Amino acid sequence: MTHPRRRLVIVVRADPVICGHSGEARNLAEVALTRGFDDVRLLTWPIPVLQAAGLPLKPLDRLLPYSPGITVERPEAIGDYRVPDGRHQAGLTGRLVELLAEPVPTTILSMYLVPHTTVAIDAVTAARAAGFAPDVRTVAKAVGSDVTNVIRSCLREGRFGAATVLFTTFLANDEVVAVSEYTRDEIIASAEQVDAHCGTTFAEQCRRRVTISYPPIDSSAFLDLDPAHVDFALARRGLERDGYILFLSRVARAKGIYDLLIAFGQMRCRPRMKLVVAGTGPALEHVQAMAKEDDRVVFLTDVDDNEKSLLMRGCAAYALPTKPEPDFIETFGIALAEKMLAGGGPIITTTTGGTGEAVGDTAVIVEPGDIAGLAAAVDRVVLEMSAAERQEMELRARARAMSFDRGAVFDGLFPQPAPAVGVH
């Protein structure tokens, strides 16, 4: 039996989930094929499970294919209805043990600490205990919801046992990474709270070990867009270049969609603009009901990856007025970086969480929750900003976003071993 030479396994919620980190997994997988990995696998969940969870999903018939050499595995549950939770996690863990039993040098990247890092650590522990002696390196990447959803829930509810499990599992990996400097700071701050309550030393370990790896983006998908393709995509949607303000993100309160909808009603540019809300999410139905009498608000719930960049390129302005909420704080803003690459109208956003790390000084910044300020900022961009100023901002934004290109991010996350002396 012939085995691969090097394997990369990414444990993640992959496509069709509409989530920046599923895009991260796709981009890292594609680059891995060009960096000496001849077997790349995304270990993820059965689609019915993702649907039942209520996650926002892309149209299944328009998912972009992966390159040959990338395998998406969706293990079925282990056990029956008497195991109400953990059945699918057992399936993921068991499949990973099977892969580790093969004599293949393997790197495992887990994204989302709960439950994917648990899957990785449990599988490695089981494989070693069984005597398989896997040649394996584990990397755990803490993404936004790990902090804003899981860790903060533990602290808010006083569930320090759960927090302890989370930190010990995270730190059990060979490498521990955060998606942004903001996320790293929040991890350390949370660890300090656990330490103060439990007498642990998680904060010191996190300060010493946690590094930063920004989200990898396929810049080629957003650069050098064919103008004819842009015009065709807009015409199909009844839109015109520079004739709409774009919100393309998860439709949720924390993304500022309510603020934007109210601000749109106050904008001086409203008579010549449409507001395009592209995406799905928990607030979609409510926002649609709020705007049902407004024919200048357009909802697009079926935008695929190909169309996304075209809509970004054609807009007069892109608004993501994200704001801190108890259940979510924007820890980077992948859509912002994608928009910076695509070009088009300027970005209006806030410096909530890690968004400042994404946009730097290349966006128009408003205060979170400042509806009047948001309306004024969009009006300034659309009605007052000169073509030269818009172009200069676009060029600076694109140059900054190139640092998030997936090749550069991959090489930082998975540095290649130096060739041996005398080997050519």
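Source: prediction; values computed, not measured.
Residues passing the side-chain hydrogen bond (donor to acceptor under 3.5 Å, both in side chains) test with Q205 are T201, sequence neighbours excluded. Annotation: side-chain hydrogen bond (donor to acceptor under 3.5 Å, both in side chains) contacts of Q193 (sequence neighbours excluded): none. Applying the ring pair (Phe, Tyr, Trp, His ring centres under 6.0 Å) rule to Y214 yields the partners F332, F404; only residues at least two apart in sequence or on another chain are considered. Not counting sequence neighbours, the partners of D379 by the salt bridge (charged side-chain N to carboxylate O under 4.0 Å, His left out) test are R268. Under the side-chain hydrogen bond (donor to acceptor under 3.5 Å, both in side chains) criterion, T183 pairs with S180, not counting sequence neighbours. By the salt bridge (charged side-chain N to carboxylate O under 4.0 Å, His left out) test, E307 pairs with R236, R237, sequence neighbours left out. Not counting sequence neighbours, F37 has no partner by the ring pair (Phe, Tyr, Trp, His ring centres under 6.0 Å) test. The salt bridge (charged side-chain N to carboxylate O under 4.0 Å, His left out) test applied to R62 returns D302, D304, not counting sequence neighbours. Every residue two or more places apart in sequence or in another chain was checked for a salt bridge (charged side-chain N to carboxylate O under 4.0 Å, His left out) with K274, and none qualifies. Applying the ring pair (Phe, Tyr, Trp, His ring centres under 6.0 Å) rule to F160 yields the partners H197; only residues at least two apart in sequence or on another chain are considered.
Within the structure, salt bridge (Lys or Arg N to Asp or Glu O under 4.0 Å) contacts touching residues 361-370 (residues at least two apart or in different chains) are D361-R396. Applying the ring pair (Phe, Tyr, Trp, His ring centres under 6.0 Å) rule to pairs touching residues 280-319 yields Y258-H286, sequence neighbours excluded.
When all heavy atoms of F328 and A254 are compared, the pair lying nearest together is CD2-CB, 3.5 Å. Here the closest heavy-atom approach between residue A317 and residue I348 is recorded as CB-CD1, 3.7 Å. The shortest non-hydrogen separation linking A342 to S309 is CB-O, 4.0 Å. When all heavy atoms of S213 and V177 are compared, the pair lying nearest together is CB-CG1, 3.3 Å.
Using a 4.5 Å heavy-atom threshold, the side chains of F167 and T200 count as separate. No side-chain heavy atom of D146 sits under 4.5 Å from any side-chain heavy atom of K141. Residues M402 and L223 are in side-chain contact: their nearest non-hydrogen atoms beyond the backbone lie under 4.5 Å apart. A 4.5 Å side-chain heavy-atom check between S219 and I217 finds every atom pair outside the cut-off.
By the 30° and 60° cut-offs, the orientation of the rings of F414 relative to F410 is tilted.
A donor-acceptor pair under 3.5 Å is formed between the side chain of R74 and the backbone N or O of W45. In terms of modelled atom types and a separation under 3.5 Å, the side chain of R184 and the main chain of R207 share a donor-acceptor contact. Listed for the N173 side chain is no donor-acceptor partner under 3.5 Å among the backbone atoms of E175.
At a threshold of 4.0 Å, the pair D218-R406 counts as salt-bridged, since one of the basic side-chain nitrogens sits closer than that to a carboxylate oxygen.
Side-chain contact of S67 with E30: a donor-acceptor pair under 3.5 Å is present, judged by distance alone.
Atom CD of Q391 is surrounded by 12 or fewer heavy atoms from other residues, nucleotides or ligands within 6.0 Å. Other residues, nucleotides and ligands contribute more than 12 heavy atoms inside 6.0 Å of the CD atom of Q288. Around the CD atom of E285, the shell of radius 6.0 Å holds no more than 12 heavy atoms that belong to other residues, nucleotides or ligands. Heavy atoms from other residues, nucleotides or ligands lying under 6.0 Å from CZ of R400 number more than 12. Residue R272 qualifies as open at atom CZ: its count of foreign heavy atoms under 6.0 Å is 12 or below.
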Next item on the list: For the pair I47 and Q51, evaluate side chain to side chain contact (heavy atoms under 4.5 Å, CB included) and give the outcome as yes or no after the intermediate values.
Entry: CA-CA 6 Å; I47 289 175; Q51 293 170 326; 3.7 Å; yes
